[in-house]
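Data first, discussion second: the structure below is written as structure tokens.
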Amino acid sequence: MNILINDKPCTLPEGALLADALAVLQAVPPFAVAVNREFVPRSAYVTHPLHADDRVEVIRPVTGG
């Protein structure tokens with residue numbers, strides 16, 4: 001199935017979970033995740049299913065002043 005991760009196309013197998021997309025991205029905490037603009041809590045990464053054409057946004061905090 002095709003999804004977007006931070007506006008970049010990505011192909012994952014059918015039945016992939018959010019944790020699978022984060023593994024492809026090699027995301028290192030801290031970060032927050034939204035799927036189709038809906039926040040997903042960290043505790044749900046391993047159970048949140050992805051569907052074709054989902055948009056995954058991984059947001060990292062910005063520090064500084």
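The first residue of the sequence shown is numbered 1, and numbering continues consecutively from there. Note that the structure is a prediction, hence the values are computed from the model and not measured.
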Exercise. Hey, quick one: are Phe31 and Leu18 part of the same hydrophobic cluster, counting side-chain heavy atoms closer than 4.5 Å, chains of contacts allowed?
Worked result: yes

For this session: May I have the step-by-step check of side chain to side chain contact (heavy atoms under 4.5 Å, CB included) for Leu50 and Asp20, ending in yes or no?
Result: CA-CA 9 Å; Leu50 294 176; Asp20 300 319; 5.9 Å; no

Exercise. Do the non-hydrogen side-chain atoms of Val56 and Leu4 ever get within less than 4.5 Å of each other?
Worked result: no

For this session: Give a yes or no on whether Arg42 atom CZ has more than 12 heavy-atom contacts from other residues, nucleotides or ligands under 6.0 Å away.
Result: no

Seminar exercise, completed: Here the gap from Glu38 atom CD to His48 atom NE2, rounded to the nearest 0.5 Å, amounts to 9.0 Å

Exercise. Going through the distances and angles, do Leu22 and Val33 end up as a side chain to side chain contact (heavy atoms under 4.5 Å, CB included)?
Worked result: CA-CA 9 Å; Leu22 295 172; Val33 179; 3.9 Å; yes

Seminar exercise, completed: Here the pair of heavy atoms bringing Pro30 nearest to Pro61 is O-CD, 3.4 Å

For this session: Specify the closest pair of heavy atoms between Met1 and Gly15, including all atoms of both residues, with the distance to one decimal.
Result: CE-N, 4.1 Å

For this session: Determine, using the 4.5 Å side-chain heavy-atom cutoff (strictly less than), whether Val24 and Val35 are members of one ILVMFWY cluster.
Result: yes

Exercise. Is there side-chain contact between Asp7 and Arg55, with at least one heavy-atom pair below 4.5 Å?
Worked result: yes

Exercise. Below 4.5 Å, heavy atoms only, C-beta onward: do Lys8 and Asn6 meet side chain to side chain?
Worked result: no

Problem set entry | Shortest non-hydrogen contact from Asp54 toward Pro49 | OD2-O, 4.3 Å

Problem set entry | Atom of Ala21, atom of Leu12 and distance for their closest heavy-atom approach | CB-CD1, 3.9 Å

Problem set entry | Derivation of the side chain to side chain contact (heavy atoms under 4.5 Å, CB included) call for Thr47 and Leu17 | CA-CA 6 Å; Thr47 59; Leu17 302 172; 5.9 Å; no

Exercise. Checking side chain to side chain contact (heavy atoms under 4.5 Å, CB included) for the pair Val40/Tyr45: CA distance, chi angles, key distance, verdict?
Worked result: CA-CA 7 Å; Val40 179; Tyr45 294 171; 4.1 Å; yes

